[in-house]
2 protein chains.
Amino acid sequence: MERVTMADVAKEAGVSKSTVSQYLNKRYEYMGEKTRTRIKEAIERLDYQPNYIARSLKQKRTSMIGIIVANIMHRFSTEVSHAIEEYCYDSDIQAIVCNADDDPAKEKKYIEMLMAKQVDGLIIFPTAKNIDLYDQMIKSGYPVVFMDRKAGDLNLPRIVANNVESAYDAVDHFIKYGHRKISIITQELSTSPRAERVTGYKNCLQDHEIEYKDEYVINQPIEELQLELDRMFSLSQPPTALLAGNDLVFLEILRFMKRKSISVPEHFSLVVFDNIPFADVATPAVSTISQPAFEMGQKAAELLLKQIKKEDVELKEYQYPCDLVIRETSARQTD
Amino acid sequence: MERVTMADVAKEAGVSKSTVSQYLNKRYEYMGEKTRTRIKEAIERLDYQPNYIARSLKQKRTSMIGIIVANIMHRFSTEVSHAIEEYCYDSDIQAIVCNADDDPAKEKKYIEMLMAKQVDGLIIFPTAKNIDLYDQMIKSGYPVVFMDRKAGDLNLPRIVANNVESAYDAVDHFIKYGHRKISIITQELSTSPRAERVTGYKNCLQDHEIEYKDEYVINQPIEELQLELDRMFSLSQPPTALLAGNDLVFLEILRFMKRKSISVPEHFSLVVFDNIPFADVATPAVSTISQPAFEMGQKAAELLLKQIKKEDVELKEYQYPCDLVIRETSARQTD
DNA sequence: TTGTAAGCGTTATCAA
DNA sequence: TTGATAACGCTTACAA
């Protein structure tokens with residue numbers, strides 16, 4: 001196991017612990033050539049590995065940050081985490097990814113555990129149910145960045161997509177393609193992006209003077225979606241275009257299509273709000289609204305590391321535009 | 001920031017640090033009822049949060065483990081990591097996931113950094129290029145479990161899939177479906193699973209007395225695959241069945257199909273060796289050899305935690321059978 | 001240029 | 001049943 005300590009190296013090299021410490025922290029300025037090589041050799045001979053825990057205790061920094069993801073099953077979360085990790089790697093920072101699984105209690109537990117582990121800061125996809133806790137962290141000056149979701153009226157940097165506008169654009173695209181019976185399907189409206197996507201949908205219908213119909217709007221838990229889809233497609237006038245609110249919803253729509261043996265874009269046009277793997281190479285290629293997950297992740301990391309280094313950051317909302325990519329699941333409606 | 005320490009709580013409650021420590025570690029046996037409540041109240045009043053770093057320094061355990069994934073872009077890696085995390089969550093252990101990105105130098109750096117951070121053990125998808133380092137860790141008694149890939153002849157628990165047999169089964173399935181011109185496509189044969197899958201392929205052809213043809217076997221980096229596929233499908237006798245060696249290869253095959261406007265199973269049958277999202281709900285649904293990623297991850301975690309707790313574990317290879325799921329991309333060949 | 005010594009916030013040992 | 005006190009392995013004034 002880990003045996004060799006700095007004291008051993010010091011003894012081996014015939015110097016004191018502090019000198020070894022100096023050496024390790026590359027403070028060579030006032031260090032004699034011989035002492036340096038002697039320490040170097042001693043370290044090699046003993047195969048000494050420094051203990052970062054001890055250093056952290058003293059320095060009050062761990063060079064670790066935490067990422068608390070609301071639900072790791074979303075491709076978007078994975079892409080963002082990945083971008084954060086990559087950014088951190090260049091600064092010799094470790095990222096610990098935790099999955100709150102859409103459970104506020106689990107989120108709370110992770111926040112407390114990561115803070116107890118003295119991680120230097122946190123990037124959170126907030127469940128938005130632990131407002132008091134968020135508030136307390138922020139007030140205490142602890143570095144935090146919010147990602148993807150809005151929560152409360154807190155004074156910290158937030159990275160979000162322009163959900164309203166992007167959903168608007170997708171619906172606008174449907175309308176330009178001749179659709180009038182347009183549906184939007186999301187999970188429960190318990191998070192800001194979902195609600196915003198529905199808002200964009202409504203706004204666009206309104207601007208085009210298309211009547212909003214409740215029966216075309218599904219906001220239900222994943223488990224309910226098959227039933228809801230059955231219902232919606234039994235209408236005398238089923239929708240001809242669907243906007244899937246995220247990748248998990250898309251999965252359910254695929255399942256539904258499989259079950260009914262129907263296909264896109266023949267039966268309806270489809271746009272998915274989310275990054276999905278294979279979207280471009282699938283047949284038919286899937287039209288998507290893709291969020292700039294990589295840029296968003298990098299920005300979050302940048303803002304967090306700046307806060308950790310006590311540099312000034314703007315405590316505002318950083319909004320990212322998404323990219324509506326029309327592929328083969330969108331078709332013109334001619335009736 | 002983090003201000004309140006155990007000493008503050010002790011003072012506030014009018015007891016000594018050691019008593020507070022006892023309380024926190026739930027050693028109530030010899031503790032007076034009143035002291036207990038006084039400490040409890042003091043903790044609440046001060047909103048004290050223990051510092052796990054200090055505890056770790058003393059106890060020489062961090063309750064963290066590291067996962068070093070060879071390449072995070074594989075769905076399999078994500079699923080395994082996820083299973084490990086879930087298992088660890090129940091034991092109050094944190095998992096730190098690092099992506100070596102198929103780079104032995106990066107793998108080495110991560111191993112050293114995680115050990116310096118005093119993580120209690122490591123689950124590694126080895127690049128198999130750092131044998132000396134692996135050897136050293138294992139000799140020193142550090143808890144390690146290998147996942148997915150074989151590396152060197154080391155004395156530690158290894159979790160692997162039965163690659164030879166599973167590839168064999170897929171080819172056997174092709175042959176039963178009337179195929180004789182069967183191709184296998186993988187990346188470079190630099191890892192054991194890839195080589196084993198090719199072995200299974202060869203064995204099966206041999207058992208069925210089908211001639212092995214080099215021109216049907218592609219083992220090239222991802223970037224070369226489009227060229228190689230072009231070449232292979234320009235043969236006078238192109239293959240009628242393809243076994244894709246993993247999910248990234250599958251992506252390239254999809255890209256190729258898109259480019260050539262050809263489809264499965266009309267142009268060829270396809271089985272993918274890997275877990276891919278949407279496989280069952282895609283159209284056509286994709287035949288896959290799915291690895292029991294969840295079980296493999298759980299087992300790895302179980303074996304690692306046992307080692308950490310100094311319990312005996314068998315230092316052997318744990319081999320997991322995969323599941324050949326025939327879906328719609330496999331068709332009978334009638335010519 | 002290097003060494004001494006006092007922490008960092010816990011836990012563990014042993015007395016009281 | 002509780003309290004001193006010495007670690008844990010490192011950093012950092014300050015002294016030499």
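Note that these values count all heavy atoms, side chains included, but never hydrogens, waters or copies made by symmetry. Residue numbers begin at 1 in each chain, while the letters A, B, ... track the order of the sequences. Just so it is clear, the model here is predicted, and its values are computed rather than measured.
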Report all side-chain donor-acceptor pairs from residues 61-69 of chain B shorter than 3.5 Å, counting only partners two or more places apart or in another chain.
| unit_1 | atom_1 | unit_2 | atom_2 | d |
| --- | --- | --- | --- | --- |
| B:T62 | OG1 | B:M64 | N | 3.4 |
| B:T62 | OG1 | B:Q118 | O | 2.8 |
| B:T62 | OG1 | B:D120 | OD1 | 3.3 |

Pairs under 3.5 angstrom only: tabulate donor-acceptor contacts from the side chains of residues 291-306 of chain B to other protein residues two or more places apart or in another chain.
| unit_1 | atom_1 | unit_2 | atom_2 | d |
| --- | --- | --- | --- | --- |
| B:Q291 | NE2 | B:D274 | OD1 | 3.2 |
| B:E302 | OE2 | B:K306 | NZ | 3.4 |

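Taken residue by residue, residues 34-44 of chain B places heavy atoms nearer than 4.0 Å to DNA chain D at B:T35.
The distance between atom CD of B:Q59 and atom P of D:dA7, rounded to the nearest whole Å, is 18 Å. Look at CD1 on B:I53: it is 14 Å from P on D:dT11, rounded to the nearest Å. Nucleotide C:dG9 holds its P atom 11 Å from the CE atom of B:M6, rounded to whole Å. Between the CG atom of B:L57 and the P atom of D:dG9 there is a distance of 7 Å, given to the nearest Å. One interatomic measurement links the two molecules: NZ of B:K11 to P of C:dG9, which rounds to 13 Å at whole-angstrom precision. Rounded to a whole Å, the OH atom of A:Y48 is 7 Å from the C1' atom of D:dG9. Between the P atom of D:dC14 and the CD atom of A:Q22 lies a distance of 14 Å, rounded to the nearest Å. Taking atom CZ of residue B:R61 and atom C1' of nucleotide D:dC8, one finds them 14 Å apart after rounding to whole Å.
Judged by the 6.0 Å distance and 45° axis criteria, A:K139 is not positioned over the aromatic ring of A:Y134. For the pair A:K316 and A:Y318, the cation-pi test (distance below 6.0 Å, angle within 45°) is passed.
Considering only the side chain of B:K60, D:dC8 comes nearest among C:dT11, C:dT10, D:dC8.
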Show your reasoning for whether salt bridge (charged side-chain N to carboxylate O under 4.0 Å, His left out) applies to A:K150 and A:E317. CA-CA 9 Å; A:K150 306 181 180 179; A:E317 183 172 289; 3.4 Å; yes
Please walk me through it: do A:E41 and A:R38 pass salt bridge (charged side-chain N to carboxylate O under 4.0 Å, His left out)? CA-CA 5 Å; A:E41 283 167 16; A:R38 287 177 62 187; over 6 Å; no
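Taking the side chain as every heavy atom from C-beta outward, A:S77 and A:H74 approach each other to under 4.5 Å.
Rounding to the nearest 0.5 Å places OG1 of A:T35 at 13.5 Å from NZ of A:K40.
A rotation axis mapping the C1' atoms of four pairs onto the next four is fitted at both ends of the helix from C:dT1-D:dA16 to C:dA16-D:dT1 over five pairs, and the angle between these axes is 40° to 10 degrees.
Checked against salt bridge (Lys or Arg N to Asp or Glu O under 4.0 Å), B:K109 has the following partners two or more places apart in sequence or in another chain: A:D92.
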Sub-3.5 Å pairs of nitrogen or oxygen atoms, protein against nucleotides 4-6 of chain D:
| unit_1 | atom_1 | unit_2 | atom_2 | d |
| --- | --- | --- | --- | --- |
| D:dA4 | N7 | B:S18 | OG | 3.3 |
| D:dA4 | N6 | B:S18 | OG | 2.8 |

